[in-house]
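As a basis for the values below, the full set of heavy atoms in this structure was taken, side chains included, without hydrogen atoms, waters or symmetry mates.
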Amino acid sequence: MEKVRIWKPTEEEIKQAKTWSTWSKEESIFDWYYDEPERFYVVEGEVEVVLDDGTKVRFGAGDMVRFEGGVSCTWHVKKRIFKHYRMG
């Protein structure tokens, strides 16, 4: 199972995502642990995430992203991010 999945969402997925909670973060670097799965739609921003195994993933505005539970990583917010997210 892949730890992170990134894809271009359908119009229906975007419509659904816009009903979820929102979160934003300025340019920064921080460690994070996903104790449960999270799916989110990136409205704006640019991020590079380094997983605990050294794998790097990048995503930005217009991407839908899913992190599996149990993933440890370091976020590098390159451009302020604003996202709609759903846990579980």
Side-chain angles (χ1 to χ4, degrees):
M1 176 187 303
E2 55 190 338
K3 295 179 179 182
V4 183
R5 180 175 169 234
I6 302 166
W7 72 97
K8 294 299 180 189
T10 64
E11 288 299 318
E12 185 58 35
E13 286 175 313
I14 293 169
K15 182 178 178 183
Q16 181 183 25
K18 289 183 177 180
T19 67
W20 302 341
S21 299
T22 61
W23 181 84
S24 64
K25 182 76 171 168
E26 68 284 349
E27 294 178 16
S28 55
I29 298 174
F30 60 93
D31 294 330
W32 194 254
Y33 176 75
Y34 289 90
D35 55 357
E36 61 181 319
E38 179 183 348
R39 186 166 77 162
F40 56 87
Y41 173 64
V42 182
V43 177
E44 64 182 55
E46 183 182 319
V47 178
E48 179 180 85
V49 175
V50 180
L51 305 179
D52 55 357
D53 66 3
T55 302
K56 292 182 182 181
V57 295
R58 292 176 180 259
F59 49 84
D63 289 332
M64 185 74 77
V65 183
R66 177 179 169 82
F67 278 84
E68 292 299 329
V71 174
S72 292
C73 57
T74 301
W75 275 57
H76 297 256
V77 179
K78 309 277 188 182
K79 292 182 183 173
R80 179 187 177 274
I81 186 172
F82 176 74
K83 68 180 185 174
H84 292 273
Y85 72 95
R86 185 180 78 180
M87 304 302 289

> Checking side-chain contact (heavy atoms from CB on, under 4.5 Å) for the pair Val4/Val49: CA distance, chi angles, key distance, verdict?
Replying inline: CA-CA 10 Å; Val4 183; Val49 175; 6.0 Å; no

> Are Trp23 and Ile14 linked, directly or through other ILVMFWY residues, by side chains that come within less than 4.5 angstrom of each other?
Replying inline: no

>> How close do Arg80 and Glu44 get, counting heavy atoms only, and between which atoms?
In response: NH1-OE2, 2.6 Å

> Distance from Lys83 atom NZ to Lys25 atom NZ, nearest 0.5 Å?
Replying inline: 11.5 Å

> Given the rule that I, L, V, M, F, W and Y join up when any side-chain heavy atoms are under 4.5 Å apart, are Trp20 and Phe67 in one cluster?
Replying inline: no

>> Looking at Trp32, I want to see if its CH2 is surrounded by more than 12 non-hydrogen atoms of other residues, nucleotides or ligands under 6.0 Å.
In response: no

> Can you list the steps and then say if Lys8 with Asp63 is a side-chain contact (heavy atoms from CB on, under 4.5 Å)?
Replying inline: CA-CA 5 Å; Lys8 294 299 180 189; Asp63 289 332; 2.6 Å; yes

> Is the backbone N or O of Thr10 less than 3.5 Å from a side-chain atom of Glu13, with the two atoms forming a donor-acceptor pair by type?
Replying inline: yes

>> Check Glu48 with Arg58, please: is the shortest side-chain N to carboxylate O separation under 4.0 Å?
In response: yes

>> Could you walk me through whether Glu26 and Val77 satisfy the side-chain contact (heavy atoms from CB on, under 4.5 Å) test, starting with their C-alpha distance in whole Å, then the side-chain angles of each, then the deciding distance to 0.1 Å, before giving a yes or no?
In response: CA-CA 7 Å; Glu26 68 284 349; Val77 179; over 6 Å; no

> Which value, rounded to the nearest 0.5 Å, describes the distance between His76 atom NE2 and Glu46 atom CD?
Replying inline: 13.0 Å

>> Set out, in order, the CA-CA distance, both residues' side-chain angles and the distance that settles side-chain contact (heavy atoms from CB on, under 4.5 Å) for Arg66 and Trp7, then state yes or no.
In response: CA-CA 9 Å; Arg66 177 179 169 82; Trp7 72 97; 4.0 Å; yes

>> How close do Pro9 and Gly62 get, counting heavy atoms only, and between which atoms?
In response: CD-O, 3.1 Å

> Can you tell if the side chain of Lys3 reaches within under 4.5 Å of the side chain of Thr55, non-hydrogen atoms only?
Replying inline: no

> When you look at CD of Glu11, are more than 12 heavy atoms from neighbouring residues, nucleotides or ligands closer to it than 6.0 Å?
Replying inline: no

> How long is the span from the OH atom in Tyr34 to the CE atom in Met87, to the nearest 0.5 Å?
Replying inline: 7.5 Å

> Which of parallel (below 30°), tilted (30 to 60°) and perpendicular (above 60°) describes Phe59 and Trp75?
Replying inline: perpendicular

> Do Val65 and Val57 belong to the same hydrophobic cluster, where Ile, Leu, Val, Met, Phe, Trp and Tyr are linked whenever their side-chain heavy atoms lie under 4.5 Å apart, directly or via other members?
Replying inline: yes

>> Using 0.5 Å steps for rounding, measure from the NE2 atom of His84 to the OG atom of Ser21.
In response: 10.0 Å

>> Do Ile6 and Val47 land in one hydrophobic cluster if side-chain heavy atoms of ILVMFWY residues count as linked below 4.5 Å?
In response: yes

>> If I compare all heavy atoms of Gly70 with all of Tyr33, which pair ends up nearest, and what's the gap?
In response: CA-OH, 3.4 Å

> Looking at Ala61 and Val43, what are the two nearest heavy atoms and their distance?
Replying inline: CB-O, 3.4 Å

> In Å, rounded to the nearest 0.5 Å, how long is the span from CZ of Phe40 to CE of Met64?
Replying inline: 10.0 Å

